[in-house]
Amino acid sequence: EIDTEGKIVSLSGGWLGKVGLARALVSERDLLLLDEPPNNLDISSVIWLELFLTECTGGSVVISHDRACIRAVASRILDLERGKL
């Protein structure tokens, strides 16, 4: 449901996360920062997101525990464990 100001007001947390991700993907930006983007997405949405990220211009930083997603979209992978890079 959308209120009179155009704000989404009656979605679950998962759907609000998807809306936030969609807004980030369609906005004009120099750098896209994504924290656990596959969370709360179904497999077809994850596949679409991976394809989108490999084809989009500009830089992106993806933070995720989903190694398959990272391997699919990354040109460089940095591991941070216990404060060591």
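Only a predicted model underlies this, so the values are computations on that prediction, with no experimental measurement involved.
Considering every non-hydrogen atom in both Ser45 and Leu41, the closest pair reads CB-CB, 4.0 Å.
To the nearest 0.5 Å, atom OG of residue Ser60 and atom CZ of residue Arg29 are 8.0 Å apart. With rounding to the nearest 0.5 Å, the separation of CG in Asn39 from CG in Asp66 is 8.0 Å.
Cluster partners of Val26 are absent, since no Ile, Leu, Val, Met, Phe, Trp or Tyr has side-chain heavy atoms less than 4.5 Å from it. Members clustered with Ile43: Ile47, by chain and number, using a 4.5 Å side-chain heavy-atom cutoff among hydrophobic residues.
Residues meeting the salt bridge (charged side-chain N to carboxylate O under 4.0 Å, His left out) test with Arg67, sequence neighbours left out: Asp79. Partners of Ile70 under the side chain to side chain contact (heavy atoms under 4.5 Å, CB included) rule, at least two apart in sequence or in another chain, are Val62, Ser64, Ala74, Ile77. With sequence neighbours excluded, no residue forms a side chain to side chain donor-acceptor pair (under 3.5 Å) with Ser27. Asp30 is linked by a side chain to side chain donor-acceptor pair (under 3.5 Å) to nothing, counting only residues two or more places apart in sequence or in another chain.
Taking the side chain as every heavy atom from C-beta outward, Leu32 and Leu25 approach each other to under 4.5 Å. Between Leu34 and Leu21 there is a side-chain heavy-atom pair separated by less than 4.5 Å.
Listed by first and then second residue, the ring pair (Phe, Tyr, Trp, His ring centres under 6.0 Å) pairs that reach into residues 36-63 are Trp48-Phe52, sequence neighbours excluded. Each ring pair (Phe, Tyr, Trp, His ring centres under 6.0 Å) pair with one or both residues in residues 62-85, not counting sequence neighbours, would appear here, but there are none. Among residues at least two apart or in separate chains, there is no salt bridge (Lys or Arg N to Asp or Glu O under 4.0 Å) pair with a member in residues 33-53.
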